[in-house]
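Labels below follow one simple rule: chain letters A, B, ... track the order of the sequence lines, proteins then strands, and each chain is numbered from 1.
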Number of protein chains: 2
Amino acid sequence: MELTDKMQAFVMHCGEMGSRWGFNRTIGQMYALLLISEEPLSANELSQTLHISRGNVSMGIKELNSWQLIATRHKPGDRKEYYQPAGSIWQMANRVFEQRRKREIDPTLSLLRDNLLDEPRDQQERYAQQRLLEIHDLLEMITEWASELQRLSPEKLSTLMKLGAGVSKILDFRDKLSPKDRTES
Amino acid sequence: MELTDKMQAFVMHCGEMGSRWGFNRTIGQMYALLLISEEPLSANELSQTLHISRGNVSMGIKELNSWQLIATRHKPGDRKEYYQPAGSIWQMANRVFEQRRKREIDPTLSLLRDNLLDEPRDQQERYAQQRLLEIHDLLEMITEWASELQRLSPEKLSTLMKLGAGVSKILDFRDKLSPKDRTES
DNA sequence: AGGTACTTTCAGAACATAATGAACATTTGG
DNA sequence: CCAAATGTTCATTATGTTCTGAAAGTACCT
């Protein structure tokens with residue numbers, strides 16, 4: 001498969017950013033390429049277009065699958081597998097957030113929980129636990145909030161985001177109108 | 001400096017998570033240690049407690065400074081520098097988000113912008129640009145939304161987050177009450 | 001000036017991660 | 001059943017990242 005310069009540039013950029021986004025260079029390139037190509041691509045096409053080994057592609061596919069970022073397609077009379085991005089850009093972003101939360105936050109949260117179960121033995125530990133508690137509460141709030149957002153429909157999310165700073169006004173508004181109605185949950 | 005087992009465990013955990021959070025093992029450990037110790041620590045104390053070289057500590061300090069995560073303190077009659085976490089946990093989380101946004105999103109956003117300035121030359125490019133546009137809009141919305149949130153006071157943010165799913169209700173509420181008032185910005 | 005207490009830098013070693021490609025496994029059509 | 005086409009695995013190689021420690025730098029004393 002032939003790429004125009006601009007497409008090349010995008011694919012290579014995604015490769016460079018790959019590791020920052022939680023996967024590696026080739027996986028970034030592979031996903032970028034699948035995203036911008038109208039037709040699903042086979043493993044061989046990926047390998048040839050990106051100049052990476054067939055084995056590497058296979059491992060990359062496996063990883064992208066585990067992130068639920070691609071779907072497999074078949075063409076009639078062809079036993080090759082063809083790959084294409086799974087779902088909309090929104091869904092993709094959701095998946096990436098979720099996966100990263102699992103890797104970057106959940107383990108820490110569970111360590112903190114365990115730690116906070118024990119009584120502190122001295123002043124030093126008392127101080128430390130206080131700090132851990134703050135982090136714990138923050139992380140917990142972030143994960144809960146994130147999963148609430150994920151549960152919202154894309155339209156509502158979009159409304160909420162476009163609202164931007166307006167959110168602040170709405171909060172004031174609500175407090176003035178119905179102070180009893182404050183959330184307790 | 002002596003650490004209890006639990007404090008050890010936390011520090012080591014942060015080391016392991018370090019690279020997932022955007023810095024490296026020793027930097028994660030250093031920051032964790034500073035967070036849970038009541039007194040500011042000197043570079044030597046960090047080096048000895050964590051069993052890492054003095055040079056490594058120096059580089060770590062530099063990096064933590066660039067993330068604006070630590071503050072330098074001095075004790076009277078002592079020329080050593082002592083380090084402690086800068087600001088509250090909230091501020092720390094803010095800083096980390098911001099830094100990561102700069103590294104993980106901004107470069108892509110600017111590549112996409114450049115790319116979208118050019119006219120597509122053929123069908124293949126037309127399709128690709130369509131996809132890039134979607135990503136661009138998504139990323140832009142995320143960064144704008146994120147900076148709005150950062151601008152909110154911690155109290156309001158907290159209210160908003162505790163609200164959780166309630167956000168959805170408020171959106172409905174607003175739409176019913178004052179449909180003309182929809183945000184245009 | 002010279003000495004001491006501290007910090008920073010950076011080349012190279014140690015370690016960690018990713019990529020290759022040949023061997024192995026699987027599926028399908030004949 | 002065999003052979004061809006495709007997919008997967010994994011030991012080895014290649015690349016990238018982090019850490020060390022010795023040397024150089026800085027600031028402050030007397």
Q | Residue-level proximity of residues 40-56 of chain B to DNA chain C when a heavy atom falls under 4.0 Å | A |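 Here the set is Ala43(B), Arg54(B), Gly55(B).
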
Q: Say whether, by atom type as modelled, one donor and one acceptor occur between the side chain of Glu125(A) and the main chain of Arg121(A) under 3.5 angstrom.
A: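 Present.
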
Q) With sequence neighbours left out, which residue pairs that include part of residues 110-120 of chain B fulfil the side-chain hydrogen bond (donor to acceptor under 3.5 Å, both in side chains) condition? A)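 Counting only pairs at least two positions apart or across chains, the side-chain hydrogen bond (donor to acceptor under 3.5 Å, both in side chains) contacts touching residues 110-120 of chain B are Arg113(B)-Glu140(B).
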
Q | Donor-acceptor pair between Gln68(B) and Glu98(B) side chains, under 3.5 angstrom | A |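 No, Glu98(B) and Gln68(B) have no side-chain donor paired with an acceptor closer than 3.5 Å.
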
Results of side chain to side chain donor-acceptor pair (under 3.5 Å) for [X] - residues two or more places apart only:
X: Glu144(B); answer: none
X: Asn44(A); answer: Arg54(A)
X: Glu81(B); answer: Tyr83(B)
X: Ser147(B); answer: none

Q: List the protein contact pattern of nucleotides 25-30 of chain D with one symbol per nucleotide (5' to 3'): B for base contact, S for sugar-phosphate-only contact, - for none; contact means a heavy-atom distance under 4.0 Å.
A: --BS--

Show every donor-acceptor pair shorter than 3.5 Å between a side-chain atom in residues 17-26 of chain B and any protein atom, with sequence neighbours excluded, or say none if there are none.
from: Arg20(B); atom 1: NH1; to: Arg103(A); atom 2: O; distance (Å): 2.9
from: Trp21(B); atom 1: NE1; to: Glu104(A); atom 2: O; distance (Å): 3.1
from: Asn24(B); atom 1: OD1; to: Thr26(B); atom 2: N; distance (Å): 3.3
from: Asn24(B); atom 1: OD1; to: Thr26(B); atom 2: OG1; distance (Å): 3.2
from: Asn24(B); atom 1: OD1; to: Ile27(B); atom 2: N; distance (Å): 3.1

Q | Bounds of contact between DNA chain C and chain A, in 5' to 3' order, using a heavy-atom cut-off under 4.0 Å | A |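 Extent of the interface on DNA chain C: dA18(C) to dT28(C).
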
Q | Partner set under ring-ring contact (aromatic ring centres under 6.0 Å, His included) for Tyr82(A), not counting sequence neighbours | A |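 For Tyr82(A) there are no ring-ring contact (aromatic ring centres under 6.0 Å, His included) partners, ignoring immediate neighbours.
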
Q: Write down the atom of Leu69(B), the atom of Tyr31(B), and the distance for their closest heavy-atom approach.
A: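 The answer is O-CE1, 3.4 Å.
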
Q | Nucleic acid contacts of residues 10-21 of chain B, taken as heavy-atom distances under 4.0 Å to DNA chain D | A |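 The stretch gives none, as no residue of it lies under 4.0 Å from the strand.
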
List the atom pairs, donor and acceptor, that lie under 3.5 Å between side-chain atoms in residues 130-137 of chain B and the rest of the protein, sequence neighbours left out.
from: Arg131(B); atom 1: NH1; to: Leu35(A); atom 2: O; distance (Å): 3.3

